[in-house]
Amino acid sequence: MLAPWNRRELAVFSTLSRCEAAAEALRARGIPYRVKVVSRSSPSVFSAGTRERAGTFGQAPVQETYSLSVHRRDYDAAAAAIGRR
């Protein structure tokens, strides 16, 4: 189980395709992982969306980031699997 206290962030990607490639490498080695998607277009929970009010002018081209986490004990093997070490 990848409980929050057992997870360690392995990598953060700006494109879904790069995240999928890394996830496939982990899947091939049997390493469990978790992907968290963070939308940069919403500044907080209390301000649900600014796109409706202000449009996208001046916003960064990267709207989502993909954070890949693994169990702490699998971190070294996972880093080697995706070429981080």
Quiz item: Stepwise, does the side chain to side chain donor-acceptor pair (under 3.5 Å) test hold for Arg18 with Tyr66?
Solution: CA-CA 9 Å; Arg18 291 182 66 196; Tyr66 306 90; over 6 Å; no
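Checking Glu9 against Ser69 by side-chain atom types alone, no donor-acceptor pair falls below 3.5 Å.
Pro32 places a side-chain heavy atom less than 4.5 Å from the side chain of Asp74. Taking the side chain as every heavy atom from C-beta outward, Arg27 and Tyr33 approach each other to under 4.5 Å. Contact annotation: the side chain of Thr65 never approaches that of Val37 to less than 4.5 Å [non-hydrogen atoms, C-beta and beyond]. At least one side-chain heavy atom of Arg34 sits less than 4.5 Å from a side-chain heavy atom of Arg7. Considering only heavy atoms from C-beta on, Val38 stays 4.5 Å or farther from Val12 through its side chain.
Closest non-hydrogen pair, Ala23 versus Leu68, comes out as N-CD2, 4.4 Å. Minimum interatomic distance between Leu10 and Ala78 (heavy atoms only, all atoms of both residues): CD2-CB, 3.8 Å. For Ala25 against Ala81, the heavy-atom pair with the smallest separation is CB-O, 3.7 Å.
For the atom pair Leu16 CG and Glu64 CD, the distance stands at 9.0 Å (nearest 0.5 Å). How far CZ of Arg72 is from CG of Asn6: 7.5 Å, rounded to the nearest 0.5 Å.
Both tests hold for Arg8 against Tyr75: distance to the six-membered ring centre under 6.0 Å, angle to the ring axis within 45°.
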